[in-house]
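Data block below; observations after.
All values below come from the heavy atoms of this structure, side chains included, with hydrogens, waters and symmetry mates left out.
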Amino acid sequence: MEAYRREEAFLTAPNADGNVWPKQVCPAYEPRGDTLHGLKQCWFCKYADFHLDKPRCLEVGVCYWPKKITK
């Protein structure tokens with residue numbers, strides 16, 4: 001049995017203004033326009049900021065729910 005990993009835990013609510021890991025997901029998840037169907041992870045969420053528009057992205061992002069970061 002694989003050990004519990006916080007980085008992959010399902011969030012019961014958005015972690016507004018808090019850290020989020022790429023594989024986490026919460027009920028407020030909304031995919032960005034370029035996301036493949038079925039990929040529900042914070043990495044692909046409109047509310048998460050992983051600095052994807054910068055030369056180097058972050059390993060741990062920030063949730064800005066309810067403010068959308070990307071389209």
Side-chain angles (χ1 to χ4, degrees):
M1 181 179 201
E2 187 175 333
Y4 170 78
R5 292 179 53 140
R6 179 178 177 202
E7 296 87 3
E8 296 177 8
F10 181 83
L11 302 171
T12 57
N15 192 18
D17 295 322
N19 290 339
V20 289
W21 281 260
K23 292 184 179 180
Q24 286 182 314
V25 68
C26 81
Y29 171 82
E30 281 190 46
R32 294 191 313 264
D34 60 349
T35 302
L36 295 174
H37 182 71
L39 288 175
K40 284 190 167 186
Q41 298 176 348
C42 286
W43 181 263
F44 301 105
C45 185
K46 289 182 178 183
Y47 302 116
D49 184 5
F50 285 92
H51 288 188
L52 300 179
D53 58 340
K54 308 282 191 246
R56 185 175 175 146
C57 62
L58 300 173
E59 290 184 30
V60 177
V62 178
C63 177
Y64 286 110
W65 182 86
K67 179 184 170 194
K68 291 182 182 172
I69 300 303
T70 59
K71 296 181 182 187

**Asked** Taking side chain as C-beta onward, heavy atoms only, is Cys45 less than 4.5 Å from Tyr29?
**Response** yes
Name the atoms and distances for all side-chain donor-acceptor pairs under 3.5 Å in residues 9-28, with sequence neighbours left out.
residue : atom : partner : partner atom : Å
Asn15   : ND2  : Asn19   : O            : 2.7
Gln24   : OE1  : Trp21   : N            : 2.9
Gln24   : NE2  : Arg6    : O            : 3.1

**Item:** Partners meeting ring pair (Phe, Tyr, Trp, His ring centres under 6.0 Å) with Phe50 (sequence neighbours left out)
**Value:** Trp43
**Asked** Apart from Tyr47 itself, what residues make up its hydrophobic cluster, given side-chain heavy atom links below 4.5 Å?
**Response** Trp65
**Message:** Is there a path of hydrophobic side-chain contacts, each under 4.5 Å between heavy atoms, that joins Leu52 and Leu39?
**Reply:** yes
**Item:** Flag if over 12 foreign heavy atoms under 6.0 Å of NZ, Lys40
**Value:** no
**Complete:** Residue pairs meeting side-chain hydrogen bond (donor to acceptor under 3.5 Å, both in side chains), one or both in residues 48-64, sequence neighbours left out, come to none
**Request:** Any pair with a residue in residues 60-70 that passes salt bridge (Lys or Arg N to Asp or Glu O under 4.0 Å), sequence neighbours left out, goes on the list, sorted by first then second residue, please.
**Result:** Glu30-Lys68
**Pairing residues for Asp34 by the salt bridge (Lys or Arg N to Asp or Glu O under 4.0 Å) criterion, not counting sequence neighbours** = Arg32
